[in-house]
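Order of appearance sets the numbers: ligands from 1, and atoms from 1 within every ligand. Because the structure is predicted, anything quoted here is derived from the model rather than measured.
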Amino acid sequence: MNDERIPVGVLGATGMVGQHFVKFLLNHPWFDLTWAGASDRSAGKLYREATSWRLDGVMPEKAAALTVRDGQPGNGAPRLMFSAMDASVATEIEQAFALAGHVVVSNSRNHRMEPDVPLLVPEVNPDHLKIIPQQQRRRGWKGQIATNPNCSTVVLAMALAPLRQFGITRIVVTTLQAISGAGYPGVASMDINANVIPFIGGEEEKMQQETQKILGDVTPDGFRPLAAKVSAHCNRVPVVDGHTVTVSVELSNKPGEAEMIEAFSSFRSVPQDRKLPSAPPNPLIYMQDKDRPQPRRDAERERGMAVFVGRLRPCPVFDYKFIALGHNTIRGAAGAAVLNAELMYSEGMLD
Ligand SMILES: NC(=O)c1ccc[n+]([C@@H]2O[C@H](COP(=O)([O-])OP(=O)(O)OC[C@H]3O[C@@H](n4cnc5c(N)ncnc54)[C@H](OP(=O)(O)O)[C@@H]3O)[C@@H](O)[C@H]2O)c1
């Protein structure tokens, strides 16, 4: 590993998503994890003492030896900071880092819907980074904040991206969301075992609004959300990793089935053109088998960074229905944020 990599920090490094960042950044070709931040409860301890490692495999040795810092700028924090902090504290702390000149690439929900903050999916709306100069002017920041979507939204937005050419007018989506999306300890085993919980607080609203923002347009002055109506039904199911969404979509241009499958299969975008290190070669993988994709068999493929689509068929109410699946803690959290930072680096925004 060359030592000219860019030093990066993780705010909220001891939490569930923070641990995914630590794991995902291990051996990253461009980024070197040199800094870990968490609450005052953890500050001053070694990462190995402050963290109950909950992921498969062992805690990476380099992270284990870092001294955890508190959530304030200074303390040798590098310019590029990933954020996986508890939502109750993320607003103020992320803003303090942006004010102090840091590039904050956040996984928290706090700034996602702000009118001057990009809600990025590099394959879908890389141009939304255009809003950053306005953000810096308006807020007087030398630094900046960019966000990634909610873990179920990213699966939907990726699957819909190649259908924009057909004129999306209405979307109804039902989710089957994995328990890892609820963090640790998450949903009680007595509630989720052999059961379905048809409620995830705030999730349906997030999915509806975030999808419209991501698939909408940007000008240097602001965002114009996609005009399509989105209706989401969100459910927690007894799956460990991998959010499945079933989608019915209405399209004004009435494409044929072969055109739809070709649109999914041939979809490529900026991260693939630029060969960003975390970009899957094929961001959408259309599966022909009638019973795929499935979370246990497919979510981890392509390092958890691709979205799998299948079962395209006519919808008697709208035009088409299909299924999509993505890894919620990788493509829906840490991997998404790291790909965002790679895009920003490739745009010269980390120079
Ligand atoms: N879980 C998921 O799959 C998932 C998916 C998408 C998005 N998210 C979002 O990601 C964020 C983190 O979720 P999580 O499940 O990882 O939560 P978590 O396990 O509870 O971790 C929260 C992290 O925030 C830190 N923290 C708390 N108060 C702090 C403060 N005052 N200053 C600095 N750091 C502080 C905690 O440090 P201590 O260890 O010191 O308390 C810990 O590192 C949330 O905003 C959540 O909505 C989660």
Side-chain angles (χ1 to χ4, degrees), residues 9-24 33 35-55 59 63 66-75 77 81-97 102 104-113 119-121 145 147-157 175 177-187 192 200-203 205-207 210 234 236 239-243 295 299 304 326-340:
V10 176
L11 284 158
T14 53
M16 268 312 276
V17 176
Q19 295 181 29
H20 278 284
F21 272 109
V22 168
K23 188 171 175 193
F24 198 81
L33 179 69
W35 194 96
S39 75
D40 292 342
R41 296 179 288 278
S42 308
K45 296 180 187 163
L46 289 177
Y47 185 77
R48 72 161 59 84
E49 295 159 2
T51 308
S52 299
W53 188 253
R54 310 253 180 229
L55 307 187
M59 180 186 286
L66 293 175
T67 299
V68 178
R69 309 293 179 180
D70 65 17
Q72 288 177 27
N75 289 321
M81 299 295 293
F82 293 103
S83 169
M85 278 180 297
D86 196 274
S88 63
V89 298
T91 304
E92 289 75 19
I93 297 176
E94 290 180 0
Q95 291 185 7
F97 273 83
H102 294 271
V104 180
V105 181
S106 177
N107 179 64
S108 299
R109 65 169 180 265
N110 304 51
H111 291 101
R112 285 182 193 147
M113 292 307 295
L119 179 54
L120 269 188
V121 182
I145 297 178
T147 60
N148 62 260
N150 172 268
C151 44
S152 47
T153 306
V154 71
V155 180
L156 178 66
T175 70
Q177 298 184 220
I179 45 184
S180 59
Y184 190 92
V187 191
I192 196 66
I200 304 174
E203 194 82 352
E205 296 75 8
K206 274 190 265 181
M207 235 185 142
E210 291 183 15
C234 294
R236 187 79 66 196
V239 162
V240 176
D241 288 317
H243 286 354
H327 198 298
N328 53 298
T329 58
I330 302 176
R331 187 70 212 213
V338 173
L339 187 59
N340 282 352

Per-atom contacts, ligand 1 versus I93 - under 4.0 Å to a heavy atom: 30 (C), 32 (N), 33 (C)

Which residue and heavy atom of the protein sit nearest atom 10 (O) of ligand 1, plus the separation: N107 ND2, 3.2 Å

Nearest candidate to atom 18 (P) of ligand 1, where distance is taken over non-hydrogen atoms, out of C151, G15, G71, S83: G15

Protein contact to atom 43 (O) of ligand 1 [nearest heavy atom, distance to 0.1 Å]: T14 OG1, 2.6 Å

Option set G202, S42, S52, criterion heavy-atom distance to atom 40 (O) of ligand 1, minimum: S42

Ligand 1 versus D40: contacting region, heavy-atom distance under 4.0 Å: neither

Within reach of ligand 1, part of A84 (heavy-atom separation under 4.0 Å): backbone

Closest heavy-atom pair and its distance - T175, M207: CG2-SD, 3.5 Å

V89 N/O to ligand 1 N/O under 3.5 Å: no

Side chain proximity check, W35 to N75, heavy atoms < 4.5 angstrom: yes

Nearest protein heavy atom with distance in Å, relative to atom 11 (C) of ligand 1: M85 O, 3.3 Å

Min side-chain heavy-atom separation T147-N107 under 4.5 Å: no

Modelled atom types, side-chain donor and acceptor of Q177 and N328, under 3.5 Å: no

Close approach, N328 and ligand 1, non-hydrogen under 4.0 angstrom: no

Within-shell test, S180 vs ligand 1, heavy atom, strictly < 4.0 Å: yes

Separation between CZ of R236 and NE2 of H243, rounded to the nearest 0.5 Å: 6.0 Å

Side chain, backbone, both or neither: the part of R41 lying under 4.0 Å from ligand 1 by heavy atom: side chain

V17 contact mode with ligand 1 (heavy-atom cut-off under 4.0 Å): both

Residue-ligand contact G37/ligand 1, heavy atom below 4.0 Å: no

Closest non-hydrogen atom pair between H327 and A299, with its separation: CB-O, 3.6 Å

